[in-house]
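Values reported hereafter were calculated over all heavy atoms of this structure, with side chains retained and with hydrogens, waters and symmetry mates removed.
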Amino acid sequence: MEAVDKISAQRSCGGWLNRYRHYSEALDCEMVFGAFLPPVADEAAVPVLWWLSGLTCTDENFMQKAGAQRLAADLGLAIVCPDTSPRGTDLPGEHESYDLGSGAGFYVNATRSPWNRHYRMYDYVTRELPAVVGAHLPVNGLQSISGHSMGGHGALVSALRNPGAYQSVSAFAPICHPAGCPWGIKAFSAYLGADRDQWSGYDASCLIQVAEERLPLLIDQGTEDEFLTEQLNPGALEQACLANDHPLLLRMQESYDHSYYFVATFINDHLRHHAAALGLT
């Protein structure tokens, strides 16, 4: 198992907000992730909520802006935040736009050069990092997953592709049908090529049709989100769930936008949703 170095530790809500660095074999580079450990983790192993962040974010955005630590501390829930892409690889074109390359890994396993050497974020967040966290942090093997925007897409795809791996899943303003929106088309074309069969394997609205597990989906979406119509398309996911009898609670939140003000407003509902599934309440 890879060595993990703690690079910072801050007391928060009686627990610890730590950042760690390790070498990722899946991504072939060094990576940083953040972890909030509730007070009870000093004495016993706890379940984990994985939080996947959106375009341009790092491991720090959620911890600094969502205000989740206080309730997570009370619930006895750890939260782990991976980064959103490989770092320091300096591939051609990697830093030229906000929606491809740095900060935009899209939680897929790239198959096209030059991306396929490093951009394997799906394997990283679903396999490698859980193994690293399980080996080095006081967690008990139970896990749930959530995320925002690109990270909401990643959370839905991770849960739908891995039946039995997660106790619950939720998302804030997820990219629900990336194969049919500009962000997803750009990223999938670069990372996966022109084969749309590969695209459908990372598209929640497509995966619903073949899902082996009917894990209920909790999604919050702001009605004033600037990306709602062109990029996010929750209607596609809603129609797929209706057609395939997949449980979905889609809450359209009046007047809210795409920001972390929106996430912070409803994060406690999501934490309680996951805590119930993880047996904490």
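- Judged purely by atom type and a 3.5 angstrom limit, Asp59 has no side-chain atom pairing as donor or acceptor with the backbone of Arg19.
- Although no hydrogens or angles enter the test, the distance criterion places a donor-acceptor pair under 3.5 Å between the side chain of Arg11 and the main chain of Gly14.
- Taking CG of Leu156 as the start and OH of Tyr107 as the end, the distance is 12.0 Å to the nearest 0.5 Å.
- With no hydrogens or angles considered, a side-chain donor-acceptor pair links His274 and Ser170 at under 3.5 Å.
- The number of heavy atoms from other shown groups lying within 6.0 Å of OH (Tyr261) does not exceed 12.
- Between the OG atom in Ser146 and the CG atom in Leu218 there is a gap of 8.0 Å [rounded to 0.5 Å].
- Note that CD of Glu254 is 8.5 Å distant from CE of Met252, once rounded to the nearest 0.5 Å.
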When the side chains of residues 230-242 are checked against the rest of the protein, which donor-acceptor pairs come out under 3.5 Å, sequence neighbours left out?
| from | atom 1 | to | atom 2 | distance (Å) |
| --- | --- | --- | --- | --- |
| Gln231 | OE1 | Trp183 | N | 3.0 |
| Asn233 | OD1 | Ala236 | N | 3.3 |

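- Residue Arg214 qualifies as enclosed at atom CZ: its count of foreign heavy atoms under 6.0 Å is above 12.
- Trp50 is linked by a ring pair (Phe, Tyr, Trp, His ring centres under 6.0 Å) to nothing, counting only residues two or more places apart in sequence or in another chain.
- For CZ of Arg21, the number of neighbouring non-hydrogen atoms (other residues, nucleotides, ligands) closer than 6.0 Å is 12 at most.
- Using cut-offs of 30° and 60° for the angle between ring planes, the Trp115 and Tyr191 rings count as perpendicular.
- Ring pair Phe188/Phe106 is perpendicular by interplanar angle, where above 60° counts as perpendicular and below 30° as parallel.
- Side-chain contact check for Val169 versus Leu217: some heavy-atom pair is nearer than 4.5 Å.
- Atom-to-atom distance recorded for Leu271:CG and Leu49:CG is 6.5 Å, nearest 0.5 angstrom.
- For Phe172 and His270, the ring centers are positioned less than 6.0 Å apart.
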Can you give each donor-acceptor pair under 3.5 Å made by side-chain atoms of residues 27-43, sequence neighbours left out, with the distance rounded to 0.1 Å?
| from | atom 1 | to | atom 2 | distance (Å) |
| --- | --- | --- | --- | --- |
| Asp28 | OD1 | Tyr23 | OH | 2.3 |
| Asp28 | OD2 | Arg117 | NE | 3.0 |
| Asp28 | OD2 | Arg117 | NH2 | 3.1 |

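- Tyr119 and Glu94 are linked by a side-chain donor-acceptor pair at a separation below 3.5 angstrom, with hydrogens and angles left out of the test.
- Between His148 and Tyr260, the ring-plane angle classifies as perpendicular under the 30° and 60° cut-offs.
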